[in-house]
Amino acid sequence: MSLPLTGIIPPLVTPFTAEGRIDESAFRNVVRFTLSKGVHGVCVGGSTGEGHTLKTEELARLIEITTEEVDGRVPVVAGVIANSTGDAIERSRAVARFPIAALQVTPVHYVFKPSEDATVDHFARLTDAVEVPVVIYNVIPWNYLSPSLLVRIMSGNPGVIGVKQSAGDLKLMADLMLTVPAGKIVLTAVDALLYPSFAIGAHGTIAANPAAVPGVCVALWDAVQRGDHGTAHEIHRALLRFWNTISADNLPANVKYALGAQGCAAGLPRRPMPVSSSEQHRMIDTALAEVLRFDPTAAPRSAVA
(Lines give C-alpha, C1' and ligand atoms only; values in the text may rest on other atoms or scores of the structure.)
Protein backbone atom coordinates (compact mmCIF):
# COMPACT_ATOMS: atom_id res chain seq x y z
CA MET A 1 0.00 0.00 0.00
CA SER A 2 1.64 3.24 -1.15
CA LEU A 3 -0.93 5.71 0.20
CA PRO A 4 0.64 7.98 2.84
CA LEU A 5 -0.39 7.88 6.49
CA THR A 6 -1.02 11.58 6.92
CA GLY A 7 -3.94 13.81 7.80
CA ILE A 8 -7.16 12.75 9.50
CA ILE A 9 -7.35 8.98 10.15
CA PRO A 10 -10.36 8.30 12.43
CA PRO A 11 -10.34 5.20 14.65
CA LEU A 12 -13.69 3.69 13.71
CA VAL A 13 -16.12 2.72 16.44
CA THR A 14 -17.32 -0.88 16.58
CA PRO A 15 -21.13 -1.13 16.81
CA PHE A 16 -22.32 -3.91 19.11
CA THR A 17 -25.79 -5.35 19.58
CA ALA A 18 -27.49 -5.71 22.96
CA GLU A 19 -26.17 -9.29 23.02
CA GLY A 20 -22.60 -8.07 22.51
CA ARG A 21 -22.20 -9.20 18.92
CA ILE A 22 -20.72 -7.00 16.19
CA ASP A 23 -23.43 -5.34 14.10
CA GLU A 24 -21.81 -5.68 10.68
CA SER A 25 -24.46 -3.66 8.86
CA ALA A 26 -24.07 -0.75 11.26
CA PHE A 27 -20.29 -1.00 10.98
CA ARG A 28 -20.45 -0.72 7.20
CA ASN A 29 -22.53 2.43 7.63
CA VAL A 30 -19.94 3.86 10.05
CA VAL A 31 -17.22 3.26 7.44
CA ARG A 32 -19.30 4.89 4.70
CA PHE A 33 -20.26 7.87 6.86
CA THR A 34 -16.62 8.44 7.82
CA LEU A 35 -15.40 8.20 4.23
CA SER A 36 -18.09 10.70 3.15
CA LYS A 37 -16.37 13.30 5.33
CA GLY A 38 -13.23 13.36 3.21
CA VAL A 39 -10.93 11.65 5.70
CA HIS A 40 -7.41 10.61 4.70
CA GLY A 41 -7.53 7.09 6.16
CA VAL A 42 -9.29 4.92 8.74
CA CYS A 43 -8.15 2.81 11.68
CA VAL A 44 -9.92 -0.33 12.93
CA GLY A 45 -9.59 -1.93 16.35
CA GLY A 46 -8.14 1.02 18.22
CA SER A 47 -9.13 2.21 21.68
CA THR A 48 -12.15 4.13 20.38
CA GLY A 49 -13.11 0.99 18.48
CA GLU A 50 -12.97 -1.03 21.74
CA GLY A 51 -10.17 -3.09 20.22
CA HIS A 52 -9.20 -4.40 23.63
CA THR A 53 -12.50 -6.34 23.69
CA LEU A 54 -12.16 -7.91 20.25
CA LYS A 55 -11.24 -11.51 19.57
CA THR A 56 -8.69 -12.04 16.82
CA GLU A 57 -11.30 -13.36 14.41
CA GLU A 58 -13.54 -10.37 15.12
CA LEU A 59 -10.73 -7.94 14.36
CA ALA A 60 -9.95 -9.80 11.14
CA ARG A 61 -13.59 -9.65 10.08
CA LEU A 62 -13.78 -5.91 10.75
CA ILE A 63 -10.64 -5.37 8.68
CA GLU A 64 -12.13 -7.47 5.88
CA ILE A 65 -15.29 -5.35 5.85
CA THR A 66 -13.36 -2.10 6.01
CA THR A 67 -11.05 -2.93 3.13
CA GLU A 68 -14.10 -3.94 1.07
CA GLU A 69 -15.81 -0.61 1.75
CA VAL A 70 -12.68 1.50 1.33
CA ASP A 71 -11.70 -0.28 -1.89
CA GLY A 72 -8.23 1.25 -1.96
CA ARG A 73 -9.34 4.88 -1.72
CA VAL A 74 -7.58 5.60 1.58
CA PRO A 75 -5.14 3.64 3.76
CA VAL A 76 -6.50 1.27 6.40
CA VAL A 77 -4.69 0.80 9.72
CA ALA A 78 -5.29 -2.28 11.89
CA GLY A 79 -5.13 -1.90 15.67
CA VAL A 80 -3.25 -4.59 17.58
CA ILE A 81 -3.72 -4.58 21.35
CA ALA A 82 -1.99 -7.57 22.93
CA ASN A 83 -0.11 -8.42 26.11
CA SER A 84 2.64 -10.62 24.72
CA THR A 85 4.91 -10.72 21.71
CA GLY A 86 3.35 -14.01 20.59
CA ASP A 87 -0.20 -12.67 20.81
CA ALA A 88 0.77 -9.50 18.96
CA ILE A 89 2.27 -11.59 16.16
CA GLU A 90 -0.79 -13.85 16.03
CA ARG A 91 -3.21 -10.91 15.74
CA SER A 92 -0.98 -9.17 13.20
CA ARG A 93 -0.76 -12.23 10.99
CA ALA A 94 -4.54 -12.59 11.09
CA VAL A 95 -5.04 -9.16 9.50
CA ALA A 96 -1.93 -9.03 7.31
CA ARG A 97 -3.68 -10.96 4.53
CA PHE A 98 -5.88 -7.93 3.85
CA PRO A 99 -4.71 -4.78 2.00
CA ILE A 100 -3.78 -2.69 5.04
CA ALA A 101 -1.24 0.11 5.16
CA ALA A 102 0.03 -0.41 8.71
CA LEU A 103 -0.45 -2.01 12.10
CA GLN A 104 -1.08 0.25 15.09
CA VAL A 105 0.54 -1.69 17.94
CA THR A 106 0.40 -0.91 21.66
CA PRO A 107 3.30 -1.74 23.95
CA VAL A 108 2.31 -4.49 26.39
CA HIS A 109 -0.11 -3.09 28.93
CA TYR A 110 -0.73 -5.38 31.89
CA VAL A 111 0.78 -4.75 35.34
CA PHE A 112 4.40 -5.62 34.55
CA LYS A 113 6.56 -3.24 32.52
CA PRO A 114 9.31 -4.69 30.31
CA SER A 115 12.75 -3.13 30.15
CA GLU A 116 13.72 -0.86 27.27
CA ASP A 117 15.78 -3.65 25.72
CA ALA A 118 12.82 -6.03 25.99
CA THR A 119 10.56 -3.45 24.33
CA VAL A 120 13.03 -3.03 21.48
CA ASP A 121 13.11 -6.81 21.10
CA HIS A 122 9.29 -7.01 21.17
CA PHE A 123 8.96 -4.75 18.16
CA ALA A 124 11.91 -6.39 16.38
CA ARG A 125 10.32 -9.83 16.66
CA LEU A 126 6.98 -8.46 15.50
CA THR A 127 8.37 -6.77 12.40
CA ASP A 128 10.47 -9.86 11.61
CA ALA A 129 7.31 -11.99 11.69
CA VAL A 130 4.97 -9.70 9.75
CA GLU A 131 5.82 -7.59 6.71
CA VAL A 132 3.17 -4.92 7.34
CA PRO A 133 4.70 -1.66 8.66
CA VAL A 134 4.16 -0.82 12.33
CA VAL A 135 3.13 2.41 14.04
CA ILE A 136 3.73 2.29 17.80
CA TYR A 137 0.60 3.33 19.70
CA ASN A 138 2.24 5.08 22.65
CA VAL A 139 -0.71 5.15 25.04
CA ILE A 140 -0.05 2.88 28.05
CA PRO A 141 0.37 5.11 31.14
CA TRP A 142 2.62 2.72 33.10
CA ASN A 143 4.55 1.71 30.00
CA TYR A 144 4.81 5.05 28.25
CA LEU A 145 7.76 5.05 25.89
CA SER A 146 10.04 8.08 26.09
CA PRO A 147 10.99 10.07 22.98
CA SER A 148 14.53 8.68 23.25
CA LEU A 149 13.29 5.07 23.30
CA LEU A 150 10.92 5.71 20.40
CA VAL A 151 13.76 7.21 18.38
CA ARG A 152 15.95 4.21 19.25
CA ILE A 153 13.29 1.79 18.00
CA MET A 154 12.53 3.74 14.83
CA SER A 155 16.21 4.28 14.03
CA GLY A 156 17.10 0.62 14.39
CA ASN A 157 13.99 -1.02 12.98
CA PRO A 158 12.94 -0.19 9.40
CA GLY A 159 9.64 -2.00 9.97
CA VAL A 160 8.55 0.62 12.51
CA ILE A 161 7.51 3.60 10.42
CA GLY A 162 6.29 5.92 13.16
CA VAL A 163 4.53 6.55 16.42
CA LYS A 164 1.13 7.71 17.58
CA GLN A 165 1.59 9.91 20.64
CA SER A 166 -1.29 9.83 23.09
CA ALA A 167 -0.15 11.61 26.27
CA GLY A 168 -1.57 15.07 26.95
CA ASP A 169 1.90 16.60 27.29
CA LEU A 170 2.60 18.70 24.20
CA LYS A 171 6.24 19.02 25.30
CA LEU A 172 6.75 15.29 24.70
CA MET A 173 5.21 15.72 21.25
CA ALA A 174 7.47 18.68 20.52
CA ASP A 175 10.57 16.81 21.68
CA LEU A 176 9.68 13.87 19.46
CA MET A 177 9.14 16.15 16.47
CA LEU A 178 12.67 17.52 16.98
CA THR A 179 14.30 14.10 17.08
CA VAL A 180 12.17 11.82 14.89
CA PRO A 181 14.35 10.08 12.28
CA ALA A 182 13.98 11.20 8.68
CA GLY A 183 11.23 9.35 6.86
CA LYS A 184 9.34 8.38 10.03
CA ILE A 185 5.94 9.79 10.98
CA VAL A 186 4.49 11.19 14.20
CA LEU A 187 0.71 11.06 14.55
CA THR A 188 -1.06 12.83 17.39
CA ALA A 189 -3.79 11.41 19.58
CA VAL A 190 -3.79 14.37 21.95
CA ASP A 191 -7.45 15.19 21.33
CA ALA A 192 -7.47 18.42 23.31
CA LEU A 193 -4.48 19.72 21.36
CA LEU A 194 -4.94 18.64 17.76
CA TYR A 195 -4.47 22.17 16.46
CA PRO A 196 -1.12 22.86 18.18
CA SER A 197 0.00 19.34 17.31
CA PHE A 198 -0.64 20.04 13.64
CA ALA A 199 0.96 23.48 13.93
CA ILE A 200 4.26 22.05 15.22
CA GLY A 201 4.40 19.51 12.42
CA ALA A 202 2.54 16.33 13.40
CA HIS A 203 1.93 14.31 10.26
CA GLY A 204 -1.70 13.62 11.13
CA THR A 205 -3.93 12.12 13.78
CA ILE A 206 -5.65 8.94 14.86
CA ALA A 207 -7.86 10.06 17.74
CA ALA A 208 -11.37 10.08 19.18
CA ASN A 209 -12.41 13.55 18.01
CA PRO A 210 -11.85 12.55 14.37
CA ALA A 211 -13.98 9.44 14.98
CA ALA A 212 -16.83 11.52 16.39
CA VAL A 213 -16.73 14.59 14.13
CA PRO A 214 -14.52 13.63 11.18
CA GLY A 215 -15.65 16.46 8.91
CA VAL A 216 -14.72 19.06 11.51
CA CYS A 217 -11.27 17.54 11.97
CA VAL A 218 -10.69 17.52 8.21
CA ALA A 219 -11.60 21.23 8.21
CA LEU A 220 -9.08 21.84 11.02
CA TRP A 221 -6.33 19.94 9.17
CA ASP A 222 -7.03 21.82 5.95
CA ALA A 223 -6.97 25.19 7.72
CA VAL A 224 -3.56 24.49 9.26
CA GLN A 225 -2.16 23.18 5.96
CA ARG A 226 -3.14 26.39 4.15
CA GLY A 227 -1.83 28.58 7.00
CA ASP A 228 -5.25 29.88 8.08
CA HIS A 229 -4.56 29.89 11.79
CA GLY A 230 -7.45 32.21 12.61
CA THR A 231 -9.94 29.63 11.37
CA ALA A 232 -7.91 26.81 12.88
CA HIS A 233 -8.03 28.47 16.31
CA GLU A 234 -11.81 28.91 16.05
CA ILE A 235 -12.23 25.22 15.23
CA HIS A 236 -9.83 24.28 18.04
CA ARG A 237 -11.93 26.12 20.63
CA ALA A 238 -15.13 24.39 19.49
CA LEU A 239 -13.40 21.00 19.30
CA LEU A 240 -11.99 21.42 22.80
CA ARG A 241 -15.44 22.16 24.22
CA PHE A 242 -16.76 19.11 22.40
CA TRP A 243 -13.85 16.94 23.60
CA ASN A 244 -14.60 17.93 27.19
CA THR A 245 -18.10 16.44 26.80
CA ILE A 246 -17.02 13.05 25.42
CA SER A 247 -13.81 12.53 27.39
CA ALA A 248 -14.81 9.99 30.05
CA ASP A 249 -14.33 6.35 30.98
CA ASN A 250 -17.11 5.48 28.52
CA LEU A 251 -15.61 7.55 25.69
CA PRO A 252 -16.44 5.02 22.94
CA ALA A 253 -20.09 5.11 23.99
CA ASN A 254 -20.04 8.91 23.83
CA VAL A 255 -18.50 8.86 20.36
CA LYS A 256 -21.25 6.47 19.26
CA TYR A 257 -23.90 8.80 20.65
CA ALA A 258 -22.36 11.76 18.78
CA LEU A 259 -22.36 9.77 15.54
CA GLY A 260 -25.98 8.80 16.07
CA ALA A 261 -26.88 12.46 16.56
CA GLN A 262 -25.41 13.07 13.09
CA GLY A 263 -27.57 10.38 11.52
CA CYS A 264 -25.06 7.54 11.69
CA ALA A 265 -26.38 4.84 14.02
CA ALA A 266 -23.31 3.33 15.71
CA GLY A 267 -24.71 0.67 18.04
CA LEU A 268 -23.94 0.01 21.67
CA PRO A 269 -20.68 -0.29 23.60
CA ARG A 270 -19.58 -3.77 24.63
CA ARG A 271 -20.27 -4.63 28.27
CA PRO A 272 -19.27 -3.74 30.89
CA MET A 273 -18.89 -0.28 29.33
CA PRO A 274 -22.09 1.71 30.01
CA VAL A 275 -24.01 3.70 27.44
CA SER A 276 -23.88 7.48 27.63
CA SER A 277 -25.93 9.03 30.41
CA SER A 278 -28.74 11.51 29.87
CA GLU A 279 -26.49 14.25 31.28
CA GLN A 280 -23.76 13.30 28.80
CA HIS A 281 -26.35 13.43 26.02
CA ARG A 282 -27.30 16.96 27.01
CA MET A 283 -23.72 18.20 27.10
CA ILE A 284 -22.75 16.44 23.86
CA ASP A 285 -25.79 17.84 22.04
CA THR A 286 -24.90 21.40 23.06
CA ALA A 287 -21.25 21.11 22.05
CA LEU A 288 -22.06 19.20 18.87
CA ALA A 289 -24.34 21.97 17.62
CA GLU A 290 -21.44 24.40 17.92
CA VAL A 291 -18.66 22.27 16.49
CA LEU A 292 -20.61 21.01 13.47
CA ARG A 293 -20.75 24.59 12.16
CA PHE A 294 -17.24 23.88 10.91
CA ASP A 295 -18.17 20.71 9.00
CA PRO A 296 -19.00 21.73 5.43
CA THR A 297 -20.64 18.33 4.82
CA ALA A 298 -22.90 18.39 7.89
CA ALA A 299 -26.67 18.28 7.51
CA PRO A 300 -28.65 20.99 9.31
CA ARG A 301 -29.11 20.06 12.97
CA SER A 302 -32.89 19.98 12.59
CA ALA A 303 -32.48 17.13 10.09
CA VAL A 304 -30.33 14.96 12.35
CA ALA A 305 -31.72 15.67 15.80
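Keep in mind it's a predicted model, so treat the numbers as computed, not measured.
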Test: [X] and [Y] ion pair at under 4.0 Å:
X: Arg270; Y: Glu58; answer: yes
X: Arg28; Y: Asp23; answer: no
X: Arg125; Y: Asp121; answer: yes
X: Asp71; Y: Arg73; answer: no
X: Asp175; Y: Lys171; answer: yes

For this session: Quick one: do Asn250 and Asn254 satisfy side chain to side chain donor-acceptor pair (under 3.5 Å)? Show the steps, please.
Result: CA-CA 6 Å; Asn250 65 337; Asn254 295 334; 3.2 Å; yes

Problem set entry | His229: ring pair (Phe, Tyr, Trp, His ring centres under 6.0 Å) partners, not counting sequence neighbours | Tyr195

Main chain of [Y], side chain of [X]: is a donor-acceptor contact present, judged purely on distance under 3.5 Å?
X: Trp142; Y: Tyr110; value: yes
X: Thr188; Y: Ala202; value: no
X: Asp228; Y: Ala223; value: no
X: Lys37; Y: Asp295; value: no

For this session: Step through the shown structure and confirm whether more than 12 heavy atoms of other residues, nucleotides or ligands are within 6.0 Å of CD on Glu19.
Result: yes

Exercise. Is there any side chain to side chain donor-acceptor pair (under 3.5 Å) pair reaching into residues 93-105, and which pairs are they, with sequence neighbours excluded?
Worked result: Gln104-Lys164

Between the side chains of [X] and [Y], does any donor sit under 3.5 Å from an acceptor?
X: Tyr144; Y: Ser166; value: no
X: Gln280; Y: Thr245; value: no
X: His203; Y: Thr6; value: no

Exercise. Of all residues at least two apart in sequence or in a different chain, which pass the side chain to side chain contact (heavy atoms under 4.5 Å, CB included) check with Asn244?
Worked result: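 For Asn244 the side chain to side chain contact (heavy atoms under 4.5 Å, CB included) partners, ignoring immediate neighbours, are Leu240.
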
Exercise. Any chain of hydrophobic side-chain contacts (each under 4.5 Å) joining Val135 to Ile63?
Worked result: no

Problem set entry | Single hit among Asp191, Leu193, Asn209 for side-chain contact (heavy atoms from CB on, under 4.5 Å) with Leu239 |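 Considering Asp191, Leu193, Asn209, a side-chain contact (heavy atoms from CB on, under 4.5 Å) with Leu239 is found only for Asn209.
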
